[in-house]
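By convention in this document, chain letters (A, B, ...) are assigned in the order of the sequence lines, proteins followed by strands, and residues within each chain are numbered from 1.
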Amino acid sequence: MPELPEVERIARGLEQALLGQCLKGVTVRWPGVVARPEAKALEERLPGHRLEEVRRRGKMILLRFPPWWLAIHLRMTGQLQVRPGRDPSLEADRHVHLWFDFDHTILYYRDMRKFGRLWLVSDLAEATGQLGLEPLSPEFTPSALARILKTHRRQVKPLLLDQRLIAGLGNIYVDESLWRAQLHPLRLAHTLRDEEISRLHGAIQHVLLQAIDHGGTTLRDYRDAHDEKGRHQEALAVYGRAGLPCPRCGAPIVYIRAGGRGTHLCPICQPLAPPK
DNA sequence: CACAGCTCCTGGCAGC
DNA sequence: TGCTGCCAGGAGCTGT
């Protein structure tokens, strides 16, 4: 499941491979992948435009083909694959739902679970307007995080997963951040003290930057634009490690549910009762 | 406002 | 061996 670090790696790969190329054609094989407008409109409007900018916002990839923005959300199993030419094995793959023909390169979209979506918009805010703070931006300060935490009476994990508040964190990096900050996922957000908030802020940024540096986390499906796996799965402290020893204290990692999501934590390092 | 539950979708796995 | 059925999970939605 691509979260901020994986999407960042993919966006960098797309920029390096595709920036400046003109789009010659779009082939949509499963129309459901296009959320807005209709698949046919995408095929008709986009060709003939040049890719002038690649951005990431939260978990979204944004490709600017003036006057359009193409926004892509990979959700669970979406993949973007860059190839130097037509790739028969990808085109024979039933999970490849569309592709883009550029001057010298083809970009394939593959998605096993079909949760991912694309939007073609003229105003970027139509795609990203609801998203919250970028956790690696200068605006994401400890006091900005404190403002978010203190204005919601919610458990801290579901709050961190809410893309309208902070954009880009998913299940893996929330669990890892809370472990690093030594905070229990079920702590009520508004009860966190300034020192704990500051720890959480630092943990989020550290975990995301380290994961980007490691090329993202490949548990099963994640691949970058050049089909390379990430290496950050080897550095995970708690995610997917139920029963294995906590890297900090050695106690077995525990699996619980938080906000309906599978959640991993160290019961010793992350006590539910806030320290006195 | 908070949140539980449902939907989408399919590979992987447990159970028989 | 092969079948059935259940689960994960990001985000949007409805209902409480």
Side-chain angles (χ1 to χ4, degrees), chain A residues 1-8 10-11 28-36 39 56-62 71-80 92-98 109-119 121 125-135 147-178 185-192 204 208 211 216-223 229 233 236 238-243 253-265:
Chain A
M1 39 190 142
E3 305 181 26
L4 187 153
E6 291 76 30
V7 177
E8 176 68 26
I10 293 166
V28 180
R29 190 192 270 176
W30 177 61
V33 73
V34 185
R36 219 169 41 196
R56 178 195 57 75
R57 177 78 171 92
K59 300 175 197 172
M60 294 196 115
I61 291 168
L62 305 168
I72 305 172
H73 198 309
L74 303 171
R75 295 277 170 88
M76 301 297 300
T77 52
Q79 299 175 337
L80 286 166
D93 184 336
R94 69 191 203 91
H95 299 120
V96 170
H97 305 308
L98 85 162
Y109 178 77
R110 179 175 189 273
D111 190 354
M112 204 166 62
R113 297 220 172 141
K114 294 177 154 182
F115 279 11
R117 291 292 181 271
L118 287 80
W119 295 260
V121 297
E126 290 176 55
T128 64
Q130 299 288 87
L131 293 176
L133 283 179
E134 272 298 320
R147 211 170 306 132
I148 292 169
L149 293 167
K150 287 173 178 175
T151 53
H152 298 270
R153 298 179 72 86
R154 300 175 69 180
Q155 293 169 342
V156 63
K157 169 155 179 176
L159 182 147
L160 293 174
L161 286 172
D162 190 334
Q163 303 298 301
R164 297 168 301 181
L165 303 175
I166 299 170
L169 296 176
N171 216 26
I172 295 173
Y173 297 110
V174 165
D175 282 5
E176 292 296 308
S177 298
L178 289 169
L186 301 182
R187 284 282 300 281
L188 290 174
H190 67 280
T191 69
L192 296 200
I204 289 169
L208 293 176
T217 300
T218 298
L219 291 174
R220 177 173 292 159
D221 302 305
Y222 170 68
R223 299 291 185 281
K229 298 181 182 186
Q233 60 280 6
L236 295 174
V238 288
Y239 192 87
R241 299 190 69 248
I253 300 302
V254 160
Y255 182 83
I256 64 169
R257 297 203 81 80
R261 298 224 148 62
T263 298
H264 314 75
L265 70 139

Considering every strand and a 4.0 Å limit on heavy-atom distances, what is the contact class for [X]: base, sugar-phosphate, or nothing?
X	answer
Tyr173(A)	nothing
Arg94(A)	sugar-phosphate
Asp111(A)	nothing
Gly262(A)	sugar-phosphate
Arg153(A)	sugar-phosphate

Among Arg261(A), His264(A), Glu176(A), Lys157(A), which one satisfies side-chain hydrogen bond (donor to acceptor under 3.5 Å, both in side chains) with Asn171(A)?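 Going through the options one by one, the only one that passes is Lys157(A).
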Would you work out how much the helix from dA2(B)-dT16(C) to dC16(B)-dG2(C) bends between its ends, with each end axis defined by five base pairs, to 10 degrees?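 Comparing the first five pairs with the last five, the axes sit 50° apart.
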Separation of [X] atom [atom1] from [N] atom [atom2], in whole Å?
X	N	atom1	atom2	answer
Lys59(A)	dG9(C)	NZ	P	12 Å
Asp93(A)	dG11(B)	CG	P	10 Å
Gln79(A)	dT10(B)	CD	C1'	14 Å
Arg261(A)	dA4(B)	CZ	C1'	12 Å
Arg257(A)	dG9(C)	CZ	C1'	9 Å
Arg220(A)	dT10(B)	CZ	P	16 Å

Please determine if a side-chain N or O atom of Tyr239(A) lies less than 4.0 Å away from the OP1 or OP2 oxygen of dA8(C).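 For dA8(C), neither OP1 nor OP2 has a side-chain N or O of Tyr239(A) closer than 4.0 Å.
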Taking 4.0 Å as the cut-off, does a side-chain nitrogen or oxygen of His95(A) come that near to OP1 or OP2 on dG11(B)?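 Checking dG11(B) against His95(A), a side-chain N or O does come within under 4.0 Å of OP1 or OP2.
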Heavy atoms within less than 4.0 Å of DNA chain B: which residues of residues 154-170 of chain A have one? Give them sorted by number.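 Close to the strand are Arg154(A).
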Report yes or no: is there a donor-acceptor pair, N or O only, under 3.5 Å between the side chain of Arg113(A) and the base of dA8(C)?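 When only heavy-atom distances are counted, Arg113(A) does reach the base of dA8(C) through a donor-acceptor pair under 3.5 Å.
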